[in-house]
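Step one of this worksheet: look at the structure below.
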Amino acid sequence: MKRTPTQIAALAAMTLLPMPITAQEKSDSISAAGKGEERNVMLNASDANKPREIQIGLPGEDVNVYENGLPAVYSSTVHQLSRHWRSDASLAKVELMNPMESAIKTGNIAYSVNSYSNFGQKDFKVTFNYRTNTFGWQNFDFNVSGGIGDKWLYTASVYQNFDPGYFRLNFTDFTDRTQLYHAGLTRLLDKGQISVLYKFSKSNALGSMVNSAPFIYVGDGSVKEIPGFALGTTSYAPIGGEFEYMDIMDGKIKKGRWGDFTGNYAHDVTACLDYSFEGGYNLNVNAKFMTAPQADFCDFGGSSIFQTTDADRLYKDGETTPYIGLAEGRRTWLHAGKVSNALLTAEIDKWFGKHNIRMGINEWFYHLNYHSSSFQWTGTVSPYPDILVKRNEDGSVSQFYGFNELSSEYTKGYENKLALYATDNWQVTPKFNLYFGGRLEYYRMSADQIPFSRYSGFHIGDKHDYTDSEGNTHSVIVEPLNVLKNKLNYAVTLQGIYNFNSHFGLTADATVATRYPRINEYAGTGPTEEQYKRVTIPLIRGGITYHNKFIDLTSMVTYISKSNNIDQQNVTKPGTTQSKTTLLIYSIKTIGWTTSAEIHPVKGFNLHALLTLQKPTYDNYFIKSPFEGVPDLNANGNIVKEIPQILIELDPSYQLNDKLRFWLSFRYFGKTYANLTNALFFNGRWETFGGINWSVNKHLDLGCTVINFLNQKGASGTINGAELLSKEDSGKYKNYYMSGSYLRPFTVEFSAALKF
């Protein structure tokens, strides 16, 4: 399924860190289930309205955020997490599940955020949060809760986000306009409570449409700005107007306007039961039905920047003189989805002597109806680029082309997970703790897919000639075919912690989880029957802990790998705008060493410090070149693109008194490769944040946060059009014009929280 470059290569460092809940929770901390898993919530230097990827050394399969024990969105590949969930006043607390617990309870090895709703309390309470910044961002959320008599509680919340971004867009007022509404009612029982919650979300966000920019790649890992184009504060999205695309569903040429394909809305009803039985048994049941009749988004991409000539026959709209200047082949994907799911998780736990036994069941059903149409266009390399018109030799003109040639997608169907799991937290001796568990999951998937390679003019119902591997030509009708799978997945985990004394300890754990390809991985051509293989993810960690009154330190070595990773990659012929889509199935492995410390030498001062050294590499990664004259790519052993091998984090803070707190946050990302061949790279960079929090009184808190206070204007991520560029040709790319993603600009944010 088509993703942004960050999502495609969201590979992580072997940090033991969670992702941040939102960019606004600057200095809070969240706790994981498991000793030593408390870390500061991180900040996002790329996007103010999205959570930062959880980093464990593997491609981010999805955003792992849970709400009352159930997925906030079942899958973020179509119905994106940030369209339906934000960390707002509707939540009572946020915790972190470590990879071991997440593997057993959900089937995914990842750090997973678990948020819990504010169900209310007998006393009347109001919370109001307001945030703004120097670019005109306005954000507020509001919660009111209380009791009705002795047996009932209520809660209601409103979240509103008005984010204009960092530059003016003529075709819309906001890069992110999100609304969330919550309401809930709770009945108190003698030994527990039962709650019903309703959520409505409505969101329009531009995403990658506004998150890329052109720059000059110097050749030594650094970049510089193109004259007149300030990175981060200049729009590389068109100024507006209509475009044409071919609807993949019927082949008709239709018209649209930028910003009209980003609408999302969803309804969500959740029921939660907590109950304690005689004998110490505790039962927790959470059930949810969610439907999103509209889950749409728009993606932008790029290829190579080139100097036009008269021979290119490119014109600005309405002009008779050919355009001579820099231009780039641009791509657009229009995604349209409808999703619904019915989810149930039930758990019961009890202490038996030194054993804390937990048993649970998941019954998760997900239905997806999704398609995307793609098209290409050529734009000027300038702020608010013009969409150029090509005047062909036969007198015809074209402005949009390559309809559905790149990553056009379709899938309709469902997947169902029925799983049983159990864990035992066993305090063997006062010094030795053993945690182990297992999960067995029955997985059923039915997906309608279109298993044919894409071409210009591709759509359902089209008749097309295909040549097979033996050179025979077949005429086929492009239509969906059904794939039905019934499989068993499993996960097991074992952790041991031994404390020699009150200072030193040893910790080690091993987890393995398996899964088969999911429904979203059939949106493209999908894996064939021969390619349909079990995905296996083993995670092994071990290290030492040390604690005294001045420091809490953990140092661990980690190995993690993933086999049969499925990815759909758009590759460009170097130096041109020619692109093709290819399905890749490969493996990744990472070994890393992380040392993390919480240091508090004097009263009021605290320093969180972390150093990670890692080496994430590709395995069995082979791309057969679809272009004449361009060699095949064997990326085995190459460092995974976008992922640094060195990570440093420094978070000093000082609590002056019970009202005033100062804090800083420094994130260093070492050298990262910007393409698959490791031919191009970005130098290391610092991402910086700082702030002041002032508790004025028991009712009012004020805050000020500075983002990117070193005012770095660097690029990050991948470089468009450089996927197959060889190391031998990298020298040609000195002082070369390219495009990619960038860091957020220098920004000052202000916040106020009112409680009574």
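Only heavy atoms go into these numbers, but all of them, side chains included; no hydrogens, no water, no symmetry mates. Source: prediction; values computed, not measured.
- Between Trp258 and Phe300, the ring center distance clears the sub-6.0 Å criterion.
- With salt bridges taken as basic N to acidic carboxylate O contacts below 4.0 Å, one links Glu67 and Lys199.
- Nearest approach of Thr378 to Tyr401, heavy atoms of both residues: OG1-OH, 3.2 Å.
- Side-chain contact check for Asn693 and Trp663: at least one donor-acceptor pair (N or O, by modelled atom type) lies under 3.5 Å.
- Put simply, the side chain of Phe756 does not reach to within 4.5 Å of the side chain of Lys125, judged on heavy atoms.
- Ser408 places a side-chain heavy atom less than 4.5 Å from the side chain of Ser374.
- Between Arg330 and Ser212, the shortest heavy-atom contact is NH2-OG, 4.4 Å.
- One finds the CD1 atom of Ile248 at 7.5 Å from the NE2 atom of His371 (value rounded to the nearest 0.5 Å).
- Judged by distance alone, the side chain of Glu242 and the main-chain N or O of Gly256 form no donor-acceptor pair under 3.5 Å.
- Taking the side chain as every heavy atom from C-beta outward, Leu169 and Leu206 approach each other to under 4.5 Å.
- To the nearest 0.5 Å, atoms CG (Asn68) and OG1 (Thr270) are separated by 6.5 Å.
- At a threshold of 4.0 Å, the pair Asp247-Lys254 counts as salt-bridged, since one of the basic side-chain nitrogens sits closer than that to a carboxylate oxygen.
- Geometric assessment of Arg131 against the ring of Phe750 yields a negative cation-pi assignment under the 6.0 Å and 45° thresholds.
- In summary, the aromatic rings of Phe243 and Phe375 are positioned with their centroids under 6.0 Å apart.
- When atom types are taken as modelled, the side chain of Ser235 and the backbone of Ala237 share a donor-acceptor pair closer than 3.5 angstrom.
- Contact check for Glu687 versus Leu743: side-chain heavy atoms found under the 4.5 Å cut-off.
- The main-chain N or O of Phe689 is never found under 3.5 Å from a side-chain atom of Arg667 such that the two would form a donor-acceptor pair.
- Separating the CG atom in Asn118 from the CG atom in Asn143 is a distance of 5.0 Å, to the nearest 0.5 Å.
- At a threshold of 4.5 Å between non-hydrogen side-chain atoms, the residues Arg83 and Phe297 count as touching.
- Checking Ser195 against Thr186 by side-chain atom types alone, a donor-acceptor pair falls below 3.5 Å.
- For Glu244 and Lys255, the salt-bridge test passes: some basic side-chain N is under 4.0 Å from an acidic carboxylate O.
- A side-chain donor from one of Thr332 and Trp377 sits under 3.5 Å from a side-chain acceptor of the other.
- Side-chain contact check for Tyr236 and Glu328: at least one donor-acceptor pair (N or O, by modelled atom type) lies under 3.5 Å.
- For Asn404 and Tyr245, the side-chain atoms include no donor-acceptor pair closer than 3.5 Å.
- Looking at Thr747 and Asn133, their side chains never bring a donor and an acceptor atom within 3.5 Å of each other.
- Side-chain atoms of Thr672 and Glu642 include no donor-acceptor pair closer than 3.5 Å.
- Here Tyr410 contributes atom OH and Ile460 contributes atom CD1; the two are 5.5 Å apart, rounded to the nearest 0.5 Å.
- Thr178 and Ser203 share a side-chain donor-acceptor pair at under 3.5 Å.
- Judged purely by atom type and a 3.5 angstrom limit, Asn211 uses its side chain to pair as donor or acceptor with the backbone of Gly207.
- Aromatic rings of Phe746 and Phe135 (six-membered ring for Trp) have centroids beyond the 6.0 Å cut-off, not under it.
- Ring centroid separation for the pair Tyr130 and Phe140 does not come in under the 6.0 Å cut-off.
- Counted by atom type alone, Tyr74 and Glu415 present one or more donor-acceptor pairs between their side chains at under 3.5 Å.
- Of the charged side-chain nitrogens involved, at least one lies within less than 4.0 Å of a carboxylate oxygen, so that Lys288 and Asp268 count as a salt-bridged pair.
- In this model, no donor atom of one side chain and acceptor atom of the other lie less than 3.5 Å apart for Thr291 and Ser340.
- Looking at Tyr370 and His335, their side chains do bring a donor and an acceptor atom within 3.5 Å of each other.
- Under the side-chain contact (heavy atoms from CB on, under 4.5 Å) criterion, Ala213 pairs with Phe229, Leu231, Tyr742, not counting sequence neighbours.
- Between Ser201 and Trp85 there is no side-chain heavy-atom pair separated by less than 4.5 Å.
- Within the 4.5 Å cutoff, no side-chain heavy atoms of Thr380 are placed close to those of Leu326.
- The aromatic rings of Phe709 and Phe666 stand perpendicular to each other, their planes meeting at an angle above 60°, with 30° marking the opposite boundary.
- The minimum heavy-atom distance between Gly120 and Leu153, with the atom names listed, is O-CD1, 3.4 Å.
- The one candidate from Asp296, Thr262, Asn264 that meets the side-chain hydrogen bond (donor to acceptor under 3.5 Å, both in side chains) condition with Asn204 is Thr262.
- Between Asp299 and Ser208, the side chains place a donor N or O and an acceptor N or O closer than 3.5 Å (distance only, hydrogens not considered).
- A salt bridge links Arg86 with Asp176: the distance from a Lys NZ or Arg NE/NH1/NH2 to an Asp or Glu carboxylate oxygen falls below 4.0 Å.
- Cation-pi geometry between Lys93 and Tyr116 is satisfied (NZ or CZ under 6.0 Å from the ring centre, within 45° of the ring normal).
- A donor and an acceptor atom, one from each side chain of Gln160 and Tyr181, are located under 3.5 Å apart.
- For His267 and Phe200, the ring centers are positioned less than 6.0 Å apart.
- Annotation: side chain of Glu749 is in contact with side chain of Trp137 (closest heavy-atom distance under 4.5 Å).
- With values rounded to the nearest 0.5 angstrom, Phe289 atom CZ is found 9.5 Å from Phe365 atom CZ.
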